[in-house]
Amino acid sequence: MDNRSIAQLLSETADLLEIGSGDPFRIRSYRRAAEAVESTTVQLSAIAGDAKKLQEIPGIGKGMAANIQEIEKAGTLPLREELLVKYRPSMLELLKLPGMGPKSVALFWEALQVSSVAELETAISEGKLKDLPRFGEKQIEKLRKGIEDYKKNSGRFLIDEAEVAAEKLIAYLRTFPGIETIEPAGSLRRGRETVGDLDILVTGPACAEDVVQAAVDHTAAYPPIANLIAKGQNKVSFNLRSGLQVDVRLLPKGSYGAALQYFSGSKMHNVTVRQRALKRGYTLSEYALARVEDGSFVAGATEEEIYAALGLDWIPPELRENNGELEAAEKHTLPFLIEQRDIRGDVHMHTVATDGKNTIREMADAAVARGYEYIAITDHSKNLAMTNGLDDARALEHIQRIREVDAEMEGQIRVFPGIEVDILGDGELDLSNEVLAQMDVVIASVHSLFNQPEAEMTARVLRAIENPYVRILGHPTGRLLLRREGYQIDIGAVIRRAAELGVAVEHNAYPDRLDLCDRDLRLAKEVGCKISINTDAHHTSHMEKMRYGIKQLRRAWLTKADVLNTLPAKEFLAALRPRP
DNA sequence: GCCGTTTTCGGCCCGACTGTTTTCAGTCG
């Protein structure tokens with residue numbers, strides 16, 4: 001089993017223990033172990049036979065090593081199964097609702113036998129929550145809203161999860177002789193932040209009509225399949241254990257481009273493209289572009305030849321949303337979208353000084369390996385007590401160490417001193433201006449001010465960016481995909497004011513964050529607000545997540561020129577808001 | 001359940017916010 005799945009089992013066990021109000025410290029060690037498993041670079045299945053090696057991972061002791069061995073052997077662990085008899089698996093889903101913790105799940109179960117989102121919804125509409133302690137009007141309304149938001153997103157998966165699932169399947173399919181090209185289509189290819197299901201298109205000699213059956217059988221024999229939905233002539237559909245639905249289509253080379261175009265969507269883009277085809281006497285299907293009068297073949301092997309036959313430049317999948325991309329493709333004015341390799345630095349990251357997992361030096365080395373020219377170390381400030389946030393004195397010491405590492409790197413990379421300072425309830429920052437003045441990169445972030453009225457929330461953030469030392473606004477909307485809609489904030493007003501002040505707004509590239517949606521990013525570009533894209537890395541491996549954020553920027557039509565950290569080190573600093 | 005020991009058990013990042021209290025529990029980061 002892969003590390004991610006092991007981590008998930010451990011973390012679910014922690015949740016269940018918490019619902020059963022187990023020993024809080026025992027619960028914490030399950031969570032810590034889950035985190036450790038997730039972030040270790042060692043593949044656990046490779047060392048599962050050796051309990052000593054497992055225990056070398058910090059957070060894994062004797063008992064947890066045994067648990068992991070049991071998971072490898074049996075696919076689950078006894079404690080979890082035991083708890084799932086007592087409680088219901090659907091309770092884990094309840095925990096995902098905003099404001100729902102283990103205590104509330106336990107309460108609803110004991111008092112009302114409510115164990116799922118659907119049952120909770122019914123209980124609310126029947127007014128059964130009213131008699132429960134701690135649940136007044138506001139709490140109930142919050143839950144109602146939370147369920148609504150949850151239902152909007154449920155059944156969708158974060159882009160990185162979908163991509164990992166796609167990569168594994170692709171590696172498996174590649175082992176079959178005669179399969180040459182495999183590509184994900186659908187919303188994954190368009191770079192949507194979440195995907196509903198996975199569309200994989202396959203071609204090669206093995207997909208020719210007369211021989212495709214063997215390749216179809218091979219696909220249907222993919223070991224991780226949890227539930228085979230359908231196996232047809234050239235299509236296999238199934239669910240993975242995560243619930244993600246996958247459709248694999250095996251197509252002859254001649255129609256591969258047409259299929260890729262068709263299944264990449266979006267729906268509205270395709271409608272417009274087909275209308276255009278009809279106007280020119282063609283008809284476009286997932287098999288080919290053909291003449292209307294006699295059905296004769298015009299194009300189909302590649303997307304390029306199809307778009308070209310319609311008088312269009314090839315359109316990057318991220319732009320296929322019927323937002324003017326056809327007009328631009330016709331006039332040859334499609335933008336040169338930003339690419340991963342344009343990014344020269346990641347300027348929001350944490351170290352062991354607060355809640356990061358690596359040292360300053362380790363982060364710097366990892367950034368060198370990625371080819372970056374600079375990074376900024378921006379640990380938390382004291383208001384985030386649980387992260388061991390820095391106060392003025394510690395922040396000053398930390399800057400000193402950052403400068404030392406910067407010198408150690410001897411120009412291989414620049415390491416800028418910075419801080420992610422917290423915005424307090426009154427819009428003030430929790431470190432002194434004297435200290436902030438020492439930092440190259442001051443990111444002001446909202447962290448813990450949920451459930452404020454929108455006007456209040458917006459006023460606080462606007463107040464915070466008036467502080468002349470603030471150079472970047474960190475996770476400006478605070479949204480967490482699939483879990484919560486985000487802070488209630490007038491992001492338009494914030495972006496406009498940031499533009500006036502010269503404060504950059506951050507797009508957090510981490511897949512469950514992806515702070516700004518494409519609408520916000522387009523607005524930022526429109527009003528001249530500077531944008532910086534960062535991963536908020538708490539571990540060297542997190543820097544990899546940059547590519548998911550890049551897709552969002554591309555979807556918003558952004559180019560290299562629109563993003564601050566595509567600049568070389570000196571120019572980057574110079575482009576930040578000038579210090580007083 | 002992990003860790004670090006004064007090796008055998010005690011300590012384990014904690015403060016802010018909210019809504020419900022009438023002194024606090026639950027959730028969040």
Side-chain angles (χ1 to χ4, degrees), chain A residues 10-11 13-37 51 54-68 70 77-80 94-108 129-143 145-146 350-357 379-391 394 420-428 430 445-453 456-457 460 474-475 478-480 483-484 486-488 508 510 512-513 536 538:
Chain A
L10 292 174
S11 146
T13 306
D15 287 339
L16 289 165
L17 280 170
E18 207 163 3
I19 291 169
S21 50
D23 173 12
F25 297 110
R26 189 179 177 213
I27 294 164
R28 190 190 296 170
S29 53
Y30 272 87
R31 281 202 208 294
R32 270 198 40 161
E35 274 176 38
V37 167
L54 287 174
Q55 287 178 59
E56 279 171 20
I57 301 168
I60 309 287
K62 215 170 153 194
M64 211 52 79
N67 279 337
I68 291 169
E70 185 61 30
L77 81 173
L79 177 61
R80 177 172 172 276
L94 269 179
L95 284 173
K96 291 182 185 161
L97 295 175
M100 276 292 278
K103 290 286 193 285
S104 306
V105 173
L107 176 68
F108 292 160
L129 262 56
K130 281 194 196 109
D131 309 325
L132 263 41
R134 298 202 326 272
F135 282 87
E137 274 301 307
K138 284 192 175 172
Q139 286 286 7
I140 293 172
E141 187 47 39
K142 201 169 117 188
L143 275 179
K145 172 97 175 37
H350 300 270
T351 70
V352 289
T354 59
D355 63 348
K357 298 285 187 287
D379 273 300
H380 291 290
S381 57
K382 66 183 177 199
N383 193 44
L384 270 130
M386 69 88 63
T387 67
N388 189 25
L390 308 174
D391 58 18
R394 282 182 64 215
E420 182 181 13
V421 66
D422 214 41
I423 301 174
L424 299 172
D426 55 3
E428 292 291 311
D430 71 334
S445 283
V446 186
H447 275 114
S448 48
L449 305 174
F450 294 101
N451 302 319
Q452 300 283 335
E456 180 69 14
M457 186 75 217
R460 287 172 183 186
H475 26 97
R479 76 174 175 161
L480 278 173
R483 177 141 166 75
R484 181 188 303 115
Y487 310 145
Q488 294 295 312
N508 193 319
Y510 214 78
D512 66 353
R513 291 264 182 190
D536 193 2
H538 285 65

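In what follows, chains are A, B, ... by sequence order, proteins preceding strands, each numbered from 1.
- Nearest-nucleotide positions on DNA chain B for Pro102(A) and Arg26(A) put Arg26(A) closer to the 5' end.
- Counting any heavy atom pair closer than 4.0 Å across all strands shown, Glu141(A) reaches no nucleic acid atom.
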Apply side-chain hydrogen bond (donor to acceptor under 3.5 Å, both in side chains) to residues Asp379(A) and Thr354(A) and explain how you reach the verdict. CA-CA 6 Å; Asp379(A) 273 300; Thr354(A) 59; 2.5 Å; yes
Report each atom pair, protein N/O against N/O of nucleotides 21-25 of chain B, whose distance is under 3.5 angstrom.
none

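- A sub-4.0 Å separation between OP1 or OP2 of dC3(B) and a side-chain N or O of Ser29(A) is absent.
- No side-chain heavy atom of Asp15(A) sits less than 4.5 Å from a side-chain heavy atom of Val105(A).
- Among the protein residues, Ile60(A) comes within range of the sugar-phosphate backbone only, with heavy atoms under 4.0 Å from sugar or phosphate atoms but none that close to a base.
- Comparing atom distances between the Ser104(A) side chain and each of dC12(B), dT20(B), dG26(B) picks out dG26(B) as nearest.
- Each of Thr354(A) and Ile140(A) has a nearest nucleotide on DNA chain B; the 5'-most of these lies closest to Thr354(A).
- If you take CD of Gln55(A) and P of dG1(B), they are 13 Å apart, rounded to a whole angstrom.
- Here the side chain of Met64(A) is nearest to one of dG1(B), dG19(B), dG26(B), namely dG1(B).
- Take Tyr30(A) and apply the ring pair (Phe, Tyr, Trp, His ring centres under 6.0 Å) test, not counting sequence neighbours, and it matches no residue.
- Classified by interplanar angle (parallel below 30°, tilted 30° to 60°, perpendicular above 60°), the ring pair His350(A)/His380(A) is parallel.
- Following rounding to the nearest Å, Leu384(A) (CG) and dA16(B) (P) show an atom-to-atom distance of 11 Å.
- Backbone-only contact: Arg28(A) has heavy atoms under 4.0 Å from sugar-phosphate atoms and none from a base.
- Using a 4.0 Å heavy-atom cutoff across all strands shown, Asp23(A) reaches at least one base atom of the nucleic acid.
- By the neighbour-count criterion of 12 heavy atoms within 6.0 Å, atom CZ of Arg394(A) is densely surrounded, having more than that number from other residues, nucleotides or ligands.
- Ion pairing between Arg460(A) and Glu456(A) holds under the 4.0 Å rule for side-chain N and carboxylate O.
- Here the CD atom belonging to Glu428(A) is positioned 11.0 Å from the CD1 atom belonging to Ile423(A), to the nearest 0.5 angstrom.
- Among the protein residues, Lys382(A) comes within range of no part of the nucleic acid, since none of its heavy atoms lies under 4.0 Å from any strand.
- For Leu97(A) and dT27(B), the CG to P distance is 12 Å, given to the nearest whole Å.
- With hydrogens and angles left out, the side-chain atoms of Asp430(A) and Asn383(A) include no donor and acceptor closer than 3.5 Å.
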What would the secondary structure line of DNA chain B be in dot-bracket form, counting Watson-Crick and G-U wobble pairs under 3.5 Å, with [ ] for pairs that cross earlier ones and | for pairs with another strand? ((((....)))).(((.((....)).)))
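- No option in Leu16(A), Leu17(A), Asn67(A) other than Leu17(A) meets the side chain to side chain contact (heavy atoms under 4.5 Å, CB included) test with Leu79(A).
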